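The structure appears below as structure tokens.
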Protein chains: 2
Amino acid sequence: MTARTEVGLNAVILAVSDQQPRVLTVDPEQLPEIPDALGPGIKGSGLAALPSGPFDPAQDRTLELALRNWVQWQTKTDIGYVEQLYTFADQGRDPRERLGGPRVLSVAYLALIKEGTVDVAHSRWQDCYAFLPWEDWRGGKPEAIEELAAALEGWIGADGRANRRQRRERVEICFGFGDAGWDGYQVLERYELLYEAGLVSEYWLDLGDPKPRGPVFGAPMAYDHRRILATGLGRIRGKLRYRPVVFELIERDFTLMGLQHVVEALSGLRLHKQNFRRLVERSGLVEGTGRLDNRTGGRPAELFRFRREVLRERRAPGVGALAGPRAD
Amino acid sequence: MTARTEVGLNAVILAVSDQQPRVLTVDPEQLPEIPDALGPGIKGSGLAALPSGPFDPAQDRTLELALRNWVQWQTKTDIGYVEQLYTFADQGRDPRERLGGPRVLSVAYLALIKEGTVDVAHSRWQDCYAFLPWEDWRGGKPEAIEELAAALEGWIGADGRANRRQRRERVEICFGFGDAGWDGYQVLERYELLYEAGLVSEYWLDLGDPKPRGPVFGAPMAYDHRRILATGLGRIRGKLRYRPVVFELIERDFTLMGLQHVVEALSGLRLHKQNFRRLVERSGLVEGTGRLDNRTGGRPAELFRFRREVLRERRAPGVGALAGPRAD
DNA sequence: TACATTTATGCTCAAAGTGAGTATTAGTAG
DNA sequence: CTACTAATACTCACTTTGAGCATAAATGTA
């Protein structure tokens, strides 16, 4: 006898504007399916949630079509790039289960759009790094990181001697405290570590205890949505390197500096301008249009355009940002 | 009103032996849940299927645990490395739907094990390249590829003039016929292209027509399992590059040649021996044990071992096979 | 024992790619 | 005309890669 399972869809809809990565969030208080009984943990908490929609096997031929349809309907925008992220089904991930609701399995998608086009009631763009502040290294080591390291040190010490070594090892791998240095791709691993260590408030919410007993980091999201966001950010960072996906996030004509800012925003790293330029030009991903952008304040920048043909010519390499030239 | 959805799990269980990548398959005739009414398309066809199991929300706390449990139960082996691949839910992907069955959503996983330990009734190891013969370039251009190119040319020509260009472009990207050259990672893209072009027999089976009208390539699998296999092979090829996953597939002690053979088997490429050695040694992924393997036939090879510590020290790079040194 | 054979391992070298600068150019604002 | 700003160009040491040649340590055979 198989108990009930319900299938939903979640979307991490990313855009970049003003050199910040943005994620589209909705206010869960506006979502009709959340019963009031769940109390301050969800409703009334003002927590941001990712937009989500149902998967109806009677209507929807494929998951991706279902997603496209309701995102289109909710945001009045065509999303270009869509990719399946991960399927979440852990017990207890949806608090409605506690009220006798069905097990909710969510298939999460990543969507990339050009910001500005979207403006919907009950939804807004928020800075991704508000939720994951330790991920933004563009201004050097994030402020939060020292405090975070201390809190993690506490967590390491809170275990028996035997496990401390393992915990320390994991912390060092995730946050690059060892010889390894920072690895921008391990976004999810870091979030999950912080969750386990009780350093994000979702940990306490899931325990049914809205008051964290100790420091917590970053703005929380409803349900496990911050975990999903972390999955999405990690994915886009990885993808940047080997697929030309940045171009989904910018206008058709752009300056190389503009392109670099988008890459920096997503990767959370500052890049070396001249080398970035060399990398992008030599990759053959772009072509100059001959026209100039003179809103720069200094010498005008040439406007470039993505060469769609590269998909045919080469191995469509992406801008190699994270592996590529750092710092300025 | 939401129609019924059932959630299942599929596993692409990979191993490497005798320099061949193997996938664990079961005989779908032995699966009780397949009704006879489905006829020659599935039952009695002798088609191989991927092992699959149910997800029962009443029992299973997480998808991964559910998967581990029934794989353990079916194969009597602990699988070490497990990773979620993709969730498949397209309408019509399970032929039981046609008989009024529920929509079946499958969460597919990739598992890596050391072969030899598994021996279960109704299941056997099969060569991955039996199903995807065009993916094996170790002996140079696969034989099938010329015939395949001709068949694809036919498909291109079968469309109206306007679409031909697009079709040709897609074929060139996928199979590297253009300037691009072969890209080992696009396993799924290639399978999907062949499916669309009617060049795999699943296309005809799904049409309800068991006799293909034209050439088809590779051994078929039941349902959409060959697509899932392609997803898995593509994933492991990608992962090889940047995570030290090969070591999940080999014994604790190994020679560098043995390691190379495993990488070659999965990547489908022949590598340059001396450079592979240099790459692996310099990566710090392995350490010599001082002991020798003298079953080589020539000079004995030193036995190496994976250094688990690297996970802490560096960015755990993987053997960079595909990007790395080719040919011999 | 000397020697061919086989495979492992070591070394070299040119070409390409990368990190980190300095230098020059073409605008704007005063 | 000049100071300032940002874009673009060029340089240079260093590392990584692709490809091959050379040597080492086993085996089997004349």
Side-chain angles (χ1 to χ4, degrees), chain A residues 19 140 181-182 241-242 253-261 263-264 267 269-305 314-315 317-328, chain B residues 19 137 181-182 184 241-242 253-264 267 269-305 314-315 317-328:
Chain A
Q19 307 182 26
W182 181 255
R241 224 187 352 183
Y242 60 94
D253 295 337
F254 51 86
T255 66
L256 293 186
M257 199 57 201
L259 181 67
Q260 182 177 342
H261 282 144
V263 173
E264 288 179 337
S267 69
L269 297 173
R270 187 68 59 196
L271 306 175
H272 183 286
K273 185 166 165 172
Q274 298 92 319
N275 290 350
F276 180 81
R277 167 184 213 79
R278 177 176 65 188
L279 188 71
V280 173
E281 285 198 298
R282 257 200 349 193
S283 72
L285 287 169
V286 302
E287 62 191 353
T289 62
R291 287 179 303 108
L292 297 178
D293 178 356
N294 37 19
R295 291 166 305 174
T296 50
R299 173 174 171 175
E302 185 171 7
L303 285 165
F304 286 80
R305 193 171 287 181
R314 340 181 106 257
R315 226 160 282 173
V319 292
L322 288 167
R326 297 267 194 99
D328 200 339
Chain B
Q19 308 182 24
W137 286 64
W182 182 255
R241 221 182 3 179
Y242 60 96
D253 295 337
F254 51 85
T255 66
L256 293 185
M257 199 57 202
L259 181 66
Q260 182 178 342
H261 283 317
V262 174
V263 173
E264 288 179 336
S267 69
L269 297 173
R270 188 67 62 196
L271 306 176
H272 184 286
K273 186 166 166 173
Q274 296 94 317
N275 290 350
F276 180 82
R277 162 181 285 280
R278 178 175 65 189
L279 187 73
V280 172
E281 285 197 299
R282 257 198 350 191
S283 73
L285 286 169
V286 302
E287 62 192 352
T289 61
R291 287 178 304 109
L292 298 178
D293 178 357
N294 38 19
R295 291 166 304 173
T296 50
R299 173 174 169 176
E302 185 170 7
L303 285 165
F304 286 80
R305 194 171 287 182
R314 340 181 106 258
R315 224 160 282 172
V319 292
L322 289 168
R326 297 267 194 99
D328 201 339

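No experiment lies behind these values; they were computed from the predicted model shown. Every chain is numbered from 1 and lettered A, B, ... according to where its sequence line falls, protein lines coming before strand lines.
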One character per nucleotide, please: for nucleotides 21-27 of chain D, 5' to 3', B when the base has a protein heavy atom closer than 4.0 Å, S when only the sugar-phosphate does, - otherwise.
B--BBS-
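Partners of A:Arg305 according to the salt bridge (charged side-chain N to carboxylate O under 4.0 Å, His left out) rule, which considers only residues two or more places apart in sequence or in another chain, are A:Asp253. Applying the side chain to side chain contact (heavy atoms under 4.5 Å, CB included) test to A:Thr296 and every residue at least two apart in sequence or in another chain returns A:Ala301. Judged as a side chain to side chain donor-acceptor pair (under 3.5 Å), and not counting sequence neighbours, the contacts of B:Gln19 are B:His261. Scanning for salt bridge (charged side-chain N to carboxylate O under 4.0 Å, His left out) contacts around A:Glu302 gives an empty result, with sequence neighbours left out. Applying the ring pair (Phe, Tyr, Trp, His ring centres under 6.0 Å) criterion to B:Phe304, with sequence neighbours excluded, gives no partner residue.
Taking atom NE2 on A:His261 and atom P on D:dA6, their separation rounds to 10 Å, with Å as the unit. One atom, CG of A:Asp293, and another, P of C:dT28, lie 12 Å apart when rounded to the nearest Å. Straight-line distance from the CD atom of A:Glu281 to the P atom of D:dA9: 6 Å, rounded to whole Å. Rounded to whole angstrom, the span from the CG atom of A:Leu279 across to the C1' atom of D:dT8 amounts to 16 Å. With rounding to whole Å, A:Arg277 atom CZ is found 11 Å from D:dC10 atom P. Here the P atom of nucleotide C:dG27 and the CZ atom of A:Arg291 are 16 Å apart, to the nearest Å. One interatomic measurement links the two molecules: CZ of A:Phe276 to C1' of C:dT18, which rounds to 15 Å at whole-angstrom precision.
Residue side chain B:Arg278 reaches the base of D:dG18 through a donor-acceptor N/O pair under 3.5 Å, judged by distance alone.
For A:Asn275, the listed nucleotide lying nearest its side chain is C:dG19; candidates were D:dA6, C:dT18, C:dG19.
The shortest side-chain heavy-atom distance between A:Val286 and A:Phe254 falls under the 4.5 Å cut-off.
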